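Every number for a ligand or one of its atoms is a count from 1 in the order of the listing. Owing to the predicted nature of the structure, the values given are computational and were not obtained by experimental measurement.
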Amino acid sequence: MKQKKFILEEKEMPTQWYNIQADMPNKPLPPLHPGTRQPLTWEDLAHIFPAECCKQELNTTDRWIDIPEPVLEKYRFYRSTPMVRAYELEKALGTPAHIYFKNESTNPLGSHKVNSALPQCYYAKQEGTTNVTTETGAGQWGAALSYAASVFGLEAAVYQVKISMLQKPYRSSIMRTFGATVEGSPSMSTRAGKDVITKNPTHMGSLGTAISEAVELAMTTPGCKYTLGSVLNHVALHQSIIGLEAEKQMEKAGEYPDMVIACFGGGSNFGGIAFPFMRHNILDGKKTEFIAAEPESCPKLTRGKFEYDFGDEAGLTPLLPMYTLGHDFRPANIHAGGLRYHGAGMIVSQLIKDGLMHGVDIPQLETFEAGVLFARTEGIIPAP
Ligand SMILES: *Cc1c(COP(=O)(O)O)cnc(C)c1O
């Protein structure tokens, strides 16, 4: 059977992002200052993040937010991404379901991450920032950020989780190709890194340790801002480009989804594809089911607690209301590096509480089997 792909023409491309916060029946609880426990303003957050991202983070009123023209221009390098009907996979599974997948791997960085790296670096540059820093697990976010930094003329420093750096050394070369500085985390170059190594000399790192190091670098370096590849509301906002395209593509296919499924690390790719469809559940009475697939070894959605917790290991970030396994949770060294994170985004956490979506946890070996079946039927080797 031929593969059937749905692609949008340039004039059909979305020019705004969708902000689900405007439509949520209950808004996410506010992030809190770790010392005073008072809700944070965007000005507080702007000590660490680009200011425009902070405003987007706390924006609970504007449903649509314009994508800046220079970002749209770069989106057009690789968007729209194809929506594909997976006939061969359907056949192999013997299912009557119509399975479509949104292929975000068609840009040179190989993941959805660049959809948010571009606007974050664009805003940073507009605001006079010279340097950006971040964490990365498997290296996808670090690669996307390094590319976006080079596009907008910023210097990038990336802390990569040590276990991932050892498992996937070629990913560091991609980041260095775009001009970034890369260091394994925990490292000896920050206070937070030294503390972890002192307590646990064999600690192989987690997204939590790498975030601590990057936040510390941003706080102690003039002209340097921190960027995050998932979890936060503004990242999910930027990723809504995925679902907005998907909506139009499903229309072209003459279908509307009964279920929307995405893997879950911090929740940005899930939110990206799910939220534009979820708005029709909230506003128009649609009954689509939304499922987030998380690793069994890092099960914050299915077995975490809903509470205020830090986004990083050392406790340098604001307190975020989220489903969490505890900020000092040490995930097993599973291959899916980008999913080794202890918490879920604030929006997703509220949506789970409100019954608008749910999580499932899946063991690593089942994931590999499914991935191999997908590769052999659809010709794409997916990330675990
Ligand atoms: C980052 C990443 C994920 C996890 O995405 P979240 O938005 O953090 O949930 C999944 N797959 C790939 C390929 C990634 O790069």
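Taking a 4.5 Å side-chain heavy-atom cut-off between Ile, Leu, Val, Met, Phe, Trp and Tyr, the cluster of L8 contains only that residue.
Between Q56 and H238, the side chains place a donor N or O and an acceptor N or O closer than 3.5 Å (distance only, hydrogens not considered). Side chains of K305 and T324: no donor on one and acceptor on the other come within 3.5 Å.
Not counting sequence neighbours, the partners of H327 by the side chain to side chain donor-acceptor pair (under 3.5 Å) test are D309. Taking the side chain to side chain donor-acceptor pair (under 3.5 Å) definition, one finds that S187 meets it with S189, E213, sequence neighbours left out.
Within the 4.5 Å cutoff, the side chain of L301 has heavy atoms near those of the I352 side chain.
Within 4.0 Å of ligand 1, protein heavy atoms come from S111, H112, K113, Q140, S230, C263, F264, G265, G266, G267, S268, N269, L339, A383.
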